[in-house]
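Contents: one structure, followed by commentary.
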Amino acid sequence: MSHEQLWLHSRSAGKANITVTFSCDFVSASFSQSRLYDASLSLLVVPPLPLALGVPMTWLLPPHYVTSSLLPSSLESHGQQDAQSRRGTIIYSLLSCEKNAVWKKNAISIDGDRIKTTESNNLACIQAKDRTTGRTEIASCVKVAEVAQIRIMNRDPPFHVIYLAIGANLDLPISYFDASGNPFYEAYDVTSYRAETNYHEIVSVVLTRNGNGTIHLKLVGLPFFLFMQCKTGRALVRVSMNSNTRKFDYILVSVGAHIYPQNPVLQHGSSLNLSVIGINDQVSGFWHSADERVVSVDTRSGEIEACGIGSTHVFFECPSMKLQTEITVLSGNIVSIHAPKEILTNIPYPAKGYSFPLSLSDTYNKLETLGNGKGVSYDCKVDPPFVGYAKPWMDLESGNSYCLFFPYSPEHLVHSVPRLKDMRPYVSISINVSLREASHVSGSASAIFIGGFSILEMDKSSMQLNLTPDSNKTTITILGNTDVEIHWLDRDSMKIALVHKEDFGIGGRAKYEVQVLRAKRLKDRITITLPANGQRMEIHVTYEPDAKTGAKTSFATFIGLLVAGCVILCVIYLGCSLLISEISSGHVPSTTPATPPSAAPQTPARGSPALTEQSPRTPQPFVDYARKTIDETPYYKRDVRRRSHPQNTY
């Protein structure tokens with residue numbers, strides 16, 4: 001089957017329907033048939049994205065506070081009312097109400113991508129201007145107010161009740177509000193508080209803090225064997241401000257065992273084993289169903305069978321407790337999703353994404369793929385969403401359906417990953433799938449995602465650094481996973497040093513300085529590897545000295561070699577002269593009269609008594625060599641006095 005691509009170009013904002021029609025001819029030995037197919041798609045073209053920074057439009061901040069990096073694409077700015085960021089795509093400036101007498105200079109200011117506040121009861125708006133398009137909009141408004149309320153943020157209803165099994169853990173974030181009940185947009189570590197419970201034998205309270213300043217409350221249900229007389233029960237947990245104990249919030253914690261799995265969804269005709277978890281000892285009890293027409297249950301084992309369509313409750317009772325869970329039985333298919341076997345990463349990754357195959361279990365427990373002609377539709381989502389996105393896709397040749405996962409690039413993750421110090425270079429992600437006609441019918445699969453890295457402002461095709469004498473050093477910036485290893489060959493001529501690093505797991509940033517140490521021609525290769533996923537990138541480095549520097553270097557090298565050669569020759573000559581003088585002094589008596597200048601120097605004969613007495617151990621071949629050397633020495637015959645004094649010979 002061939003695949004054709006249709007390219008579309010948007011002209012203006014709006015909505016349009018696109019229809020493609022084609023015909024197919026089916027020809028075989030027994031029959032011939034032509035069929036016409038058409039497909040349509042509704043396309044929405046959105047206008048340029050607004051510069052507003054989201055909802056709520058007004059950010060509530062505490063006084064004397066410096067925010068985190070809330071203003072994107074602003075690398076430098078100042079706090080005056082007319083100040084603007086001098087670099088970056090977006091220019092920010094402050095707009096204040098001139099008629100407001102409470103307004104004071106620098107009450108709210110912009111410092112880079114952060115916002116600074118001083119006193120409370122101040123209000124200002126931030127204007128954003130896009131340099132590329134020239135658009136100007138209100139990005140957000142800032143209001144400064146005092147922290148007046150503290151609350152425990154429980155996302156699941158009922159909001160003031162939590163059910164915990166014995167030995168379970170739960171984190172609950174703490175949030176702040178002003179006197180009117182408006183939540184603070186950001187308020188890290190602005191006030192101190194305490195948490196307490198009325199039953200320490202049921203609930204243990206631990207206060208923890210994470211990297212960005214958000215405070216969590218950790219509740220730990222204690223096991224039975226630590227307290228021999230303790231029982232499952234309920235306890236109140238109260239959180240209050242240290243400055244004013246009347247400002248508090250509470251939550252009710254119910255600690256005990258529960259049925260697993262909680263609130264399952266079954267297919268008609270299927271079965272499932274229920275169990276009780278959260279207790280350390282075996283308990284004796286019985287199971288029963290509230291509606292046997294929907295779900296029947298074995299009273300001793302807890303095995304249930306879906307008999308009819310609908311919902312009901314299944315109970316487990318014993319002398320010390322009564323537990324329940326809701327069972328839902330559907331007539332349609334149940335979706336399941338399977339994760340790929342390989343480790344997921346964003347550099348490199350398949351061009352068509354990572355495939356998570358989907359399947360449905362029908363009433364006869366057979367596995368059928370989605371898109372089997374019944375028109376089943378589904379949605380795919382990624383958790384956590386800052387890692388990437390997922391979309392449904394069906395293979396037309398096989399009829400199989402998938403969730404395709406597309407991870408974000410390292411450049412994108414630098415801005416989307418939460419700025420937490422405990423972020424790791426790998427993330428456990430979940431791909432969740434749910435049916436559109438029954439959103440409660442869903443499935444998920446987990447996989448490990450290891451972030452890769454990219455090099456900022458580097459041409460991917462060339463990967464070349466050209467250095468010159470005027471610019472003998474530069475920087476390279478690594479985005480994403482910064483747990484890399486850097487290698488190069490000529491360490492005497494080139495140095496690479498880390499100058500800055502922001503370690504935020506898969507969304508980090510590291511800057512290295514590359515410097516040439518010697519003014520000579522250099523060709524080297526920088527190899528950057530990431531052992532976690534095997535990623536490898538190479539950067540070629542060249543350095544060409546200018547002509548004057550090269551000539552000076554060559555001349556200096558020649559002079560250095562010439563001087564070194566002369567020194568070596570002088571040392572050799574002096575050594576030989578000293579050796580010859582010692583030999584000459586041993587064979588010629590000091591009382592020998594000087595010969596005429598014209599007479600050539602003579603050496604004693606082999607049978608000379610003086611030679612025999614003064615140098616009995618000198619080998620005869622060495623004596624012959626010394627005699628020959630003296631006879632062939634240039635200018636040696638011109639001055640006989642030198643021969644009379646061998647120590648002065650040089």
Exercise. Would you call Asn533 and Ile343 a side-chain contact if the rule is heavy atoms closer than 4.5 Å?
Worked result: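 When only atoms from C-beta onward are counted, Ile343 and Asn533 do not touch, as no gap falls below 4.5 Å.
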Problem set entry | Within-4.5 Å side-chain heavy-atom neighbours: Phe184 and Val190 |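 With C-beta onward as the side chain, the pair stays apart.
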For this session: Look up atom CZ in Phe449 and atom OH in Tyr408, then write down how far apart they are to the nearest 0.5 Å.
Result: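 With rounding to 0.5 Å, CZ (Phe449) is 11.0 Å from OH (Tyr408).
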Exercise. Distance from Leu60 atom CG to Tyr176 atom OH, nearest 0.5 Å?
Worked result: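 The CG atom of Leu60 sits 13.5 Å away from the OH atom of Tyr176.
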For this session: Quickly, which of Pro392, Ser401, Cys403 forms a side chain to side chain contact (heavy atoms under 4.5 Å, CB included) with Val433? Name it, please.
Result: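 When side chain to side chain contact (heavy atoms under 4.5 Å, CB included) is applied between Val433 and each of Pro392, Ser401, Cys403, only Cys403 qualifies.
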Using modelled atom types only, decide if a donor and an acceptor are shared between the side chain of [X] and the backbone of [Y] within a distance under 3.5 Å.
X: Thr117; Y: His64; result: yes
X: Asn481; Y: Gly451; result: yes
X: Thr197; Y: Leu236; result: yes
X: Gln127; Y: Leu95; result: no
X: Thr58; Y: Cys141; result: no

Exercise. Has Leu43 got more than 12 heavy atoms of other residues, nucleotides or ligands less than 6.0 Å from its CG?
Worked result: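 Yes, enclosed.
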Exercise. For atom NZ of Lys501, is the number of surrounding heavy atoms from other residues, nucleotides or ligands below 6.0 Å larger than 12?
Worked result: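 Correct, the count exceeds 12.
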Exercise. Do Glu342 and Tyr354 have side-chain N/O donor and acceptor atoms under 3.5 Å apart?
Worked result: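 No - no donor-acceptor pair under 3.5 Å links their side chains.
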Exercise. Will you find, in the side chains of Gln535 and Thr345, an N or O donor that is under 3.5 Å from an N or O acceptor?
Worked result: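 No, no side-chain donor-acceptor pair sits under 3.5 Å.
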Exercise. Is there a side-chain contact (heavy atoms from CB on, under 4.5 Å) between Trp393 and Cys380 once you walk through the steps?
Worked result: CA-CA 10 Å; Trp393 176 74; Cys380 302; over 6 Å; no
For this session: Under the salt bridge (charged side-chain N to carboxylate O under 4.0 Å, His left out) rule, collect the residues that match up with Asp379, sequence neighbours excluded.
Result: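 Scan of Asp379 (salt bridge (charged side-chain N to carboxylate O under 4.0 Å, His left out), adjacent residues dropped) gives Arg436.
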Exercise. Residues in salt bridge (charged side-chain N to carboxylate O under 4.0 Å, His left out) with Lys116, at least two apart?
Worked result: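 Asp111.
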